[in-house]
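Data block below; observations after.
Order of appearance sets the numbers: ligands from 1, and atoms from 1 within every ligand. All figures in this text were calculated on a predicted structure; none of them were measured in a lab.
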Amino acid sequence: MLIVPEREIANLMTREAAFEAVEKVFASMAAGKAKNFPVVREAIGHAEALYGFKSGFDKATLDLGLKSGGYWPGNAAKGLTNHQSTIFLFEADTGKCRAIVGGNLLTALRTAAAAAVSVAHLARQDAKVLGIVGAGHQAAFQLRAVARQRKFERVVAWNRSAEKLDSLAKVAEELGLPFESVSLDDLAARSDVIVTITSSFKPLLMSDGVRPGTHIACMGTDTKGKQEVDVALVARARLFTDEVAQSISIGECQHAIAAGTVAEADIRELGAVVNGTDAGRVSNDYITLFDGTGVGLQDLAVASSVVKLAIENGVAIDVDF
Ligand code: NAD
């Protein structure tokens, strides 16, 4: 059995490899070759922790396994990341444990890769202004991954506490992109692509200001009750997701579904666009919205990719098990 520790991931995994792994597994899901199993998430009644696991199997790549972990709110005070993840891969032919992989950085990379895949396949080719809503841990990963998908000329961003935008501004500078801190109204009116990556429980981005032709990647809403986007905006958009079952239950579309303004059949899988079985954007006049809810198969795909890189680089730790 191989171990790829968290400390090795940054040296091994690239944004390109994460993009490729996520795009491929979305395609497998849409082709009916890959399946996510029911998610388990429980408050364990200790350390205020939320613990759970996401698992699945991709017949195309034989990636079988799970991501285990969750959220420990007291970790920051101990110098640790609040979100803790470990990915376990199993041999599809025998069930034997193949690898244990640190999952913290991989989670951020696979989430950003999902937004990037949506931009690659759904944003207008002439998109120039990238809007980022949120400036937490994931936001910089989103900016780095999405910025390379189009010839963006400017980044506009909003966060509920504006001082947190400084670190995002530094990333934009590194990428050679002018950066502006703006109001939400301004961001909506000026952006060609918008990424929302907050933990909000109320809509931040309203329908009125968003222009036709905009692509929105909603990446923050991954739990029942969370919401980043106005229900009217969801109803106005051509909708895509990683997995429809999650989109309608824990994703951004849950509210429009509950309000009856969107039907399950209105939501398409991004993987179908990758496979060419869905036409995707269709017209530059449409608003496209990707509801990125985060699926276990994404974690398995990037973990499998990093195990390969660890073997090639001679840093995978081999243990008898
Ligand atoms: P974080 O705690 O580092 O940052 C949270 C961000 O949300 C900050 O910008 C904060 O200002 C903003 N925010 C929180 N409450 C808000 C409110 N009420 N109104 C407006 N803004 C608010 O979190 P993070 O690691 O950057 O993750 C952001 C979100 O993405 C989380 O909700 C997380 O659960 C989600 N997430 C989704 C996926 C996925 O696959 N879709 C994967 C990982 C994380």
Distance-only polar pair, side chains of Asn275 and Thr277, donor-acceptor under 3.5 Å |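 Not at all, the side chains of Asn275 and Thr277 share no donor-acceptor pair under 3.5 Å.
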
Pair Arg98, Ser304: side-chain N/O donor-acceptor within cut-off below 3.5 Å =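 Distance-only check passes for Arg98 and Ser304.
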
Transitive ILVMFWY cluster of Leu50 at side-chain heavy atoms under 4.5 Å: who else is in it?
->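 Tyr71, which link up through side-chain heavy atoms under 4.5 Å apart, make up the rest of the cluster.
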
Neighbour count above 12 (heavy atom, 6.0 Å) for Glu180 CD =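 Enclosed: over 12 neighbouring heavy atoms sit under 6.0 Å from CD of Glu180.
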
Within the protein, residues bringing a heavy atom under 4.0 Å of ligand 1, chain by chain =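 Answer by chain and number: Arg110, Thr111, Gly134, Ala135, Gly136, His137, Gln138, Asn159, Arg160, Ile197, Thr198, Ser199, Ser200, Leu204, Met219, Gly220, Asp222, Lys226, Gly292, Thr293, Gly294.
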
With the side chain counted from C-beta on, respond yes when Glu8 and Asn313 share a heavy-atom pair under 4.5 Å apart, and no when they do not.
->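 They are not in contact (no side-chain heavy atoms under 4.5 Å apart), so the answer is no.
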
Student check: side-chain heavy atoms of Phe179 and Leu165 closer than 4.5 Å |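 When only atoms from C-beta onward are counted, Leu165 and Phe179 do touch, with a gap below 4.5 Å.
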
